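Model, not experiment: these values are computed from the prediction.
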Amino acid sequence: LVTSFGDLSLNNTITSTGGDVSAASTSGGVVLNSDIRAVGAGSVIAVSSAGNILSRGAGGVTSVNVITSGSSYSAQTTVTFAAPTNPPSGVTPYPAYGRPVIVNGQITAIEIVSPGVGYQPGQQVAITITDPGTPSGNGATAIGLVSLPRQSLYADGGVALSAKGKVELTGAVQTIDGPVVVNAVHGVIVQNLISAGGSLGDIAVTTVANDLDFGSADAALIATVSVTATSQTGSITVNRATAGEDVELSGADGVTVSGSVFAGDDVSVVTGADGRVSGRRILAGDSATITAGDEEKWVDRLDAPRVGSFAT
């Protein structure tokens, strides 16, 4: 259990082999640049935030390139990484921290103690090398490199994410036998796989305001039981949603299926009074119900018993 009264940043790999992983920020946001694993029957991952839960672009320094090693450096030598200058919105930045490896007065490497948060992928981070010794070392130069942030959540049980702001995920979320539940006040963006397996394999994603966006090329919602996505005031965009039983998509401002939706039993797509439905392919084993407030329903291919009227 990790609790922060301000912003909370989770980096690198976090693994529990005998219990749950729980992280909470009571007054700030949570940054997930971590591979988090809860291993063991029924083990769950739970993350809650008073602000946003983000993993997009909040990268850290992942490697250091020592360009020149210099000479005469003492054990008092320190390295300072430049602070992030253009962090993503909603991310509280802080600089990386490291220490030099000195062999015979030369800096042969710089170890990363903390990667920092808020650097942009592909950015080169300036490093200042300081030796207070007398005489002081000189001539060494190095640069920090930033790769894409890591983020994955894996649990043998369930995964629950709750944010009073928004949730944005770049990596995969997977369960072996348990649900994935995501609740956010100000929208959800998922750019990768959400997979819920086993007899408890439900996916439920809900936002009060703003949109649900699962429309990127790598985004997919795959559940052994059901997929439910609800935007109370916004719209929903889905690249791919697959469920062993039912798929329910409810977007007040509309629903767009940019790829395909498949359900072993029923598909239900509903909008508000002014919403419209558009889609490429919807397949259901039993029935498909599509209800659009403005009566505009555009589905390129519908393979199911039909409930309601359609324009194709």
So [Y] and [X], do their side chains get closer than 4.5 Å, heavy atoms only?
X      : Y      : result
Pro84  : Tyr94  : no
Val205 : Ile203 : yes
Val247 : Asp265 : no

I'd like to know if the side chain of [X] and the backbone of [Y] have a donor-acceptor N/O pair within less than 3.5 Å.
X      : Y      : answer
Asp213 : Gly215 : yes
Asp266 : Ser287 : yes
Ser195 : Gln174 : no
Gln191 : Gly171 : no
Asp211 : Gly234 : no
Asp156 : Gly40  : yes
Thr289 : Ser268 : no
Thr228 : Glu248 : no
Asp20  : Ser22  : no
Tyr119 : Thr85  : no

State which residues pass side chain to side chain donor-acceptor pair (under 3.5 Å) with [X]; sequence neighbours excluded, sorted by chain then number.
X      : answer
Glu111 : Arg99
Ser226 : Asp202
Gln76  : Ser74

Determine the minimum heavy-atom distance between [X] and [Y], stating which atoms define it.
X      : Y      : result
Ser25  : Val30  : CB-CG2, 3.8 Å
Val185 : Lys164 : CB-O, 3.3 Å
Thr207 : Gly187 : OG1-N, 2.8 Å
Pro115 : Ala96  : O-CB, 3.4 Å
Ile127 : Gly144 : CD1-N, 3.6 Å
Arg276 : Thr271 : O-CG2, 3.7 Å

Answer with yes or no whether the hydrophobic clustering places [X] together with [Y]; edges join I, L, V, M, F, W, Y residues whose side-chain heavy atoms lie under 4.5 Å apart.
X      : Y      : answer
Val21  : Val2   : yes
Ile53  : Ile14  : yes
Val181 : Val225 : no
Ile102 : Ile129 : yes

(request) Any pair with a residue in residues 177-189 that passes side chain to side chain donor-acceptor pair (under 3.5 Å), sequence neighbours left out, goes on the list, sorted by first then second residue, please. (result)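 Counting only pairs at least two positions apart or across chains, the side chain to side chain donor-acceptor pair (under 3.5 Å) contacts touching residues 177-189 are His186-Asn210.
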Measuring from [X]:[atom1] to [Y]:[atom2], what's the distance to the nearest 0.5 Å?
X      : Y      : atom1 : atom2 : value
Tyr97  : Thr80  : OH    : OG1   : 9.5 Å
Ser69  : Asn104 : OG    : CG    : 11.0 Å
Gln106 : Ser71  : CD    : OG    : 7.0 Å
Leu221 : Phe214 : CG    : CZ    : 5.0 Å
Tyr73  : Thr108 : OH    : OG1   : 12.5 Å
Leu212 : Ser235 : CG    : OG    : 8.0 Å

(message) Applying side-chain contact (heavy atoms from CB on, under 4.5 Å) to Phe81 and Val64, what does each step give before you reach the verdict?
(response) CA-CA 10 Å; Phe81 289 78; Val64 173; 4.0 Å; yes
(message) Using a 4.5 Å cut-off between side-chain heavy atoms of Ile, Leu, Val, Met, Phe, Trp and Tyr, which other residues end up in the same hydrophobic cluster as Ile222?
(response) Leu193
Identify all side-chain donor-acceptor contacts of residues 249-261 below 3.5 Å with residues at least two apart in sequence or on another chain.
unit_1: Thr256; atom_1: OG1; unit_2: Ser278; atom_2: OG; d: 3.4
unit_1: Ser258; atom_1: OG; unit_2: Val238; atom_2: O; d: 3.1

(request) Evaluate side-chain contact (heavy atoms from CB on, under 4.5 Å) for Ile176 paired with Tyr154, printing each intermediate quantity in order. (result) CA-CA 8 Å; Ile176 297 301; Tyr154 170 93; 3.3 Å; yes
(request) Report the C-alpha distance between Val125 and Leu145 in whole Å, list the side-chain angles of each, state the deciding distance to 0.1 Å, and finish with yes or no for side-chain contact (heavy atoms from CB on, under 4.5 Å). (result) CA-CA 6 Å; Val125 180; Leu145 304 176; over 6 Å; no
